[in-house]
*Asks:* 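Have a look at this one.
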Amino acid sequence: MAQKPTISKGTRDFNAEEVAKRSYIMDTIKEQFRRYGFQPIETPSFENSDTLMGKYGDEGDRLIFKILNSGEYLKKLSDNDYSSKSEAVLTPKISEKALRYDLTVPFARYVVQHQNEIDFPFKRYQIQPVWRADRPQKGRFREFYQCDADVVGSKSLFQEVELIQLYDDVFKNLKLEGVIIKINNRKILSGIAELIGAQDKLIDFTVALDKLDKIGEEKVKAEMRAKGISEEGISKLQPLFDLSGKFSEQIDKLKSILKSSEVGLKGIEELEFINDNISTLGLKTASLELDVTLARGLNYYTGAIFEVAAPAKVKMGSIGGGGRYDDLTGIFGLKDVSGVGISFGLDRIYLVLEELGLFPETIADSTKVLFLNFGNLEAQSCLPAITDLRQKGISAELYPDDVKMKKQMTYANRRNIPFVVLVGEKELEDKSFTLKNMSSGEQRNVSYTELIEALAH
RNA sequence: GUGGUUGUAGCUCAGUUGGUUAGAGCGCCUGAUUGUGGUUCAGGAGGUCGUCGGUUCGAGACCGAUCUUCCACCCCA
């Protein structure tokens, strides 16, 4: 035999059970999205490169899958370009399309393109695969699904409050306990950067701060020094490293740290508003935590930043993220439209639920009843019954081949089909059916009316 | 993109310093049971050892390349 075919790195096939489990998660998320008033849209798998490139930073550009042009694209190159051996020069000339990297940027493009048809504030949800040319690991794939809910055209902080509730509701319905919704505010990060005189190094500063959990205080300081942040500035950060306690206590400490920064205080005010409302409303299973080290690499967030951590006992990166972006549509020419959104990582949630054994048992639908095949004549006599059962909404099938009964029974057993009907010579003669319950093993001879009654519930 | 790791039967894995015919458990197939699956018993099939190349009298084992898996960076869902 020839070499077995394989699938591309970082992609997966899904069998029937996996599809059922994935649908379970998707349906749960969708139901909550709808309940909160979000409307579904879909966008193409690939966009013009211009739409995507440069929106996710240099790192992001590297991870975008580019699609080669069609036709004789090499012939159209100038000799200069051809011999340049430079990706930066060549890539835009031979690739004008790219696979979707996330759902937020295509959404921003959608909003700008359809601005005249949209009623603002516009609440949309979108569940589609995205692609990243990343090196795969556990919980990290090159093709995976994001489930996004965004609101554009409203600056109201009620949106942030609702989105936190939405996270909570989804995890409650998935029976996933111990999820932590981390929140921060980009304005606070800006305020701190301002305080230490590193406004121009905001990204470097936040990226370094974000690693506090992972590499510790000293290494974070070292990285900041390496990025050119002054010693004086770093020493001003000390209260930040020592920040601890409840949400409200942290807020109070931040207020004194940032008292001279207008933007910083604005960020604190926003956080406080969100936290006050969530405290009043209460969360069902998730908890909201302030994490000033939360940065997220994306450069378009301007206000709240969210990241959702799986329960501590599961070793898994974040299972969701999001935030407020005041000017995302600005890059496509539509100014002053503020947006805020969250995202669920379907594939990672799947792994978490699997590891914790949280999928419901009766998740995969199987056929309800299998009619065994005792030969052409007998099988044919079953067809009207099967047709009628299907009409009544009961999934029924006939074993297609006249093979040994043992084989047919084994087949029903493996597929977890709960009932089997036997119509052989005897039943054919007296127009009856033998109905067997596969889990109890019990079987009885019944009329057609009795058969329907037994299978109906 | 950088460094490391993994690959042997359908699945999970053994396989000694390189040495005859590569093993186990589970699963699968057949029969015990010609109208009865899940349990039991008996028997059986199934592997070009990820792929390509090299070293060697001889490679599953050693070397190189490549693909894949997982891990640490980077970044992220």
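These numbers come from the heavy atoms of this one structure, side chains and all, not from hydrogens, waters or symmetry mates. Each chain gets a letter, A, B and so on, in the order its sequence line appears, and its residues count up from 1.
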*Asks:* For RNA chain B, find the residues of residues 437-448 of chain A with a heavy-atom distance under 4.0 Å and give them by number; none if there aren't any.
*Replies:*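 When residues 437-448 of chain A is checked for heavy atoms under 4.0 Å from RNA chain B, the hits, listed by number, are A:M438, A:S439, A:G441, A:Q443.
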
*Asks:* Under 4.0 angstrom, heavy atoms only, what part of the nucleic acid is A:G10 near: base, sugar-phosphate, or nothing?
*Replies:*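 Answer is sugar-phosphate: A:G10 comes under 4.0 Å of backbone atoms only.
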
*Asks:* Quick check: are there more than 12 heavy atoms from other residues, nucleotides or ligands sitting under 6.0 Å from CD of A:E18?
*Replies:* yes

*Asks:* Could A:E397 and A:R415 be called an ion pair, given the rule that one side-chain N must be under 4.0 Å from one carboxylate O?
*Replies:*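 Yes, A:E397 and A:R415 are salt-bridged.
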
*Asks:* May I ask you to verify whether the side chain of A:R414 and the base of B:C28 hold a donor-acceptor pair under 3.5 Å?
*Replies:*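 No, the side chain and the base share no sub-3.5 Å donor-acceptor pair.
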
*Asks:* B:G35 base to A:E427 side chain: any donor-acceptor pair below 3.5 Å?
*Replies:*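 In this structure, the two groups form a donor-acceptor pair.
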
*Asks:* If the threshold is 4.0 Å, N to carboxylate O, is there a salt bridge linking A:K392 and A:D388?
*Replies:* yes

*Asks:* Any N or O donor-acceptor pair under 3.5 Å from the base of B:G37 to the side chain of A:K407?
*Replies:*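 Side chain to base: no pair present.
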
*Asks:* What is the nucleic acid contact for A:G139, judged by heavy atoms within less than 4.0 Å: base, sugar-phosphate only, or nothing?
*Replies:* base

*Asks:* Can you list everything that forms a ring pair (Phe, Tyr, Trp, His ring centres under 6.0 Å) with A:Y448? Sequence neighbours excluded, please.
*Replies:* A:F433

*Asks:* Would you kindly check whether a donor in the side chain of A:R140 faces an acceptor in the base of B:C75, or vice versa, at under 3.5 angstrom?
*Replies:*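 Indeed, a donor on one side and an acceptor on the other fall under 3.5 Å apart.
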
*Asks:* Does A:R415 contact B:G37 through a side-chain donor or acceptor facing the base, at a distance under 3.5 Å?
*Replies:* no

*Asks:* Is A:D347 paired with A:R12 through a side-chain N to carboxylate O contact shorter than 4.0 Å?
*Replies:* yes

*Asks:* Which is true for A:T410 with a 4.0 Å heavy-atom rule: it touches a base, it touches only sugar-phosphate, or it touches nothing?
*Replies:* sugar-phosphate

*Asks:* Starting at the 5' end of RNA chain B, write a dot or bracket for each base, bracketing those in Watson-Crick or G-U wobble pairs whose two distances are under 3.5 Å and using | for partners on another strand.
*Replies:* ((((..(..((((.....[...)))).(((((.......))))).....(((((..]....))))))..))))....

